[in-house]
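See below for the structure under consideration.
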Amino acid sequence: MFFRKNTDRDARPRRLIIGDVHGHFDTLMRLLDKIAPRESDRLYFLGDLIDRGEKSKEVVDFVIENDHSCILGNHEHMLLKAIGEEEVSEHWLQNWLHSGGAETLIGYDNQIPEEHLAWFKALPNYLDLGDIWLVHAGVDPRVPIQQQTSDQFCWIRDRFHAITKPYFPDKLMITGHTVTFTFPGVKPGKIARGIGWIGIETGAYHPKSGWLTALDLGNQKVYQANVLDKKCRVLPLDRAIVDIDPGQIAARMKKPSRSDREQE
């Protein structure tokens, strides 16, 4: 994938935020072909580059080689917990393998290089772009940012989605992690908007959806490519987004079977 040279002096650089790729390299390439990034544009990945798809290595290579920005996702977090330390954690290894890590290992020929492990370890938990704040899963609304860790930033779900006022008064959060069609009233392929946040994980890996999403907030556009039928589309933001009711999220938190680590 090559960047298109700037030909319009008035064209503003775009901030293109890409949801959970999950090893679907070919679909990512088709998505970027549709976006046609210019040299001045910046690409930001919300983590979960790996697992479930067959080409996690190619996705990671692409992001590293092109020096794109990326944050830590829960799947990279699992990988590091499993094999990123001196001793392998059998507990985390089994969790990771059953959550798509097996496909990642196959794609790496069962040997993840040290430079990739080091890169995963260096991924930040979040990126502050001034008016936009990127994080994989969300934040715990009860806790100051400086007291939170990867356990919140990479894993949280309902407690964050149920907030009734923005966590930041002057920043919009953009998240991945939770597949949007799991929210009440959101159909596959749509992105979700809560109070002070937008979720763009549309489930590229999931047979019910297949959509990989990129958000261009500045131009109010949503770019999507589908793993299943190979289609691509560009939608105005107001047609792609669905507002969710935090009260419905709060209500399901009371169910004993619900937990923040479901639907990894």
Side-chain angles (χ1 to χ4, degrees), residues 17-22 44-52 56 60 63-64 68-101 104 112 114 116-130 132-179 182 192 194-201 246 249-250 253 258-264:
I17 303 164
I18 299 175
D20 306 22
V21 180
H22 279 304
Y44 300 91
F45 288 83
L46 291 177
D48 280 10
L49 300 180
I50 63 170
D51 297 350
R52 296 189 167 124
S56 291
V60 175
V63 174
I64 292 175
H68 294 314
S69 297
C70 185
I71 56 177
L72 184 71
N74 66 303
H75 282 258
E76 290 86 16
H77 188 240
M78 277 193 288
L79 179 153
L80 292 174
K81 288 284 190 180
I83 62 173
E85 304 298 334
E86 290 185 5
E87 294 185 5
V88 172
S89 166
E90 192 62 33
H91 167 74
W92 279 102
L93 180 62
Q94 293 306 314
N95 283 345
W96 177 52
L97 292 175
H98 285 98
S99 298
T104 295
I112 297 177
E114 285 297 325
H116 278 201
L117 289 175
W119 186 78
F120 292 141
K121 290 177 181 179
L123 290 175
N125 282 313
Y126 58 83
L127 287 172
D128 187 345
L129 305 184
I132 298 173
W133 205 81
L134 308 181
V135 65
H136 180 67
V139 297
D140 189 327
R142 306 167 299 177
V143 182
I145 287 296
Q146 62 270 23
Q147 295 179 19
Q148 299 192 44
T149 69
S150 300
D151 289 335
Q152 289 81 36
F153 298 130
C154 293
W155 291 95
I156 200 164
R157 293 192 193 273
D158 283 352
R159 190 175 298 281
F160 167 66
H161 297 133
I163 59 176
T164 56
K165 65 177 182 179
Y167 187 86
F168 294 117
D170 58 348
K171 301 178 191 292
L172 176 66
M173 287 193 190
I174 310 294
T175 71
H177 188 50
T178 298
V179 179
T182 64
I195 307 299
W197 61 269
I198 293 176
I200 67 168
E201 160 52 327
I249 307 299
M253 286 175 62
R258 184 73 184 179
S259 76
D260 275 344
R261 288 201 177 187
E262 286 179 358
Q263 303 162 338
E264 293 169 358

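Taking each heavy atom of Val135 and Asn125 in turn, the nearest pair found is CG2-O, 3.7 Å. Between Cys70 and Pro124, the closest heavy-atom pair is O-CD, 3.3 Å. Of all the heavy atoms in Asp51 and Ser99, the pair that sits closest is CB-O, 3.9 Å. The shortest non-hydrogen separation linking Ser69 to Leu127 is CB-CD1, 3.9 Å.
In this structure, Asp20 contributes its side chain and His22 its backbone to no donor-acceptor pair below 3.5 Å.
Counting heavy atoms from C-beta outward, Phe120 and His75 have side chains that stay 4.5 Å or more apart. Proximity of Ile112 to Leu79: side-chain heavy atoms (C-beta onward) are separated by under 4.5 Å at one or more points. Side-chain contact between His177 and His136 is present, with heavy atoms from C-beta onward closer than 4.5 Å. Side-chain contact between Thr178 and Asp158 is absent, with no heavy atoms from C-beta onward closer than 4.5 Å. Contact annotation: the side chain of Glu76 approaches that of Asp48 to within less than 4.5 Å [non-hydrogen atoms, C-beta and beyond].
Using the six-membered ring where Trp is involved, His161 and Trp197 have ring planes that are tilted, between 30° and 60° apart.
Annotation: side chain to side chain donor-acceptor pair (under 3.5 Å) contacts of Ser56 (sequence neighbours excluded): Thr104. For Glu85, the side chain to side chain donor-acceptor pair (under 3.5 Å) test picks out no residue, with sequence neighbours left out. In this structure Trp96 satisfies the ring-ring contact (aromatic ring centres under 6.0 Å, His included) test with no other residue, sequence neighbours excluded. With sequence neighbours excluded, the residues that form a side chain to side chain donor-acceptor pair (under 3.5 Å) with Thr149 are Gln152. Tyr126 is linked by a ring-ring contact (aromatic ring centres under 6.0 Å, His included) to Trp133, Phe153, counting only residues two or more places apart in sequence or in another chain. Residues passing the side chain to side chain contact (heavy atoms under 4.5 Å, CB included) test with Glu87, sequence neighbours excluded: none. Listed by chain and number, the residues in a side chain to side chain contact (heavy atoms under 4.5 Å, CB included) with Lys81 are His77, Trp92 (sequence neighbours excluded). Listed by chain and number, the residues in a side chain to side chain donor-acceptor pair (under 3.5 Å) with Glu90 are Gln94 (sequence neighbours excluded). Remark: Ile64 engages Val60, His116, Trp119 in a side chain to side chain contact (heavy atoms under 4.5 Å, CB included) (not counting sequence neighbours).
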Item to check | Test log, rule side chain to side chain contact (heavy atoms under 4.5 Å, CB included), inputs Leu46 and Thr175 | outcome: CA-CA 7 Å; Leu46 291 177; Thr175 71; 5.6 Å; no

(request) Could you give me the CA-CA distance, side-chain angles and deciding distance for Val139 and Met173, then say whether side chain to side chain contact (heavy atoms under 4.5 Å, CB included) is met? (result) CA-CA 10 Å; Val139 297; Met173 287 193 190; 3.5 Å; yes

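Note: Met78 CE to Ile50 CD1 = 7.5 Å, rounded to the nearest 0.5 Å. Taking CG of Asn74 as the reference point, atom CG of Asn95 lies at 11.0 Å (rounded to 0.5 Å). Atom NE2 of His98 is separated from atom CG of Leu93 by 9.5 Å, given to the nearest 0.5 angstrom. Taking CD1 from Ile198 and CD1 from Ile17, the interatomic distance works out to 8.5 Å, rounded to the nearest 0.5 Å.
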Contacts table for residues 162-171: side-chain donor-acceptor under 3.5 angstrom, sequence neighbours left out:
residue, atom, partner, partner atom, Å
Tyr167, OH, Val143, O, 2.7
Tyr167, OH, Ile145, N, 3.2
Lys171, NZ, Asp128, OD1, 3.0
Lys171, NZ, Asp128, OD2, 3.2
Lys171, NZ, Gly130, O, 2.8

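Atom CD of Gln146 has more than 12 neighbouring heavy atoms from other residues, nucleotides or ligands inside a 6.0 Å radius.
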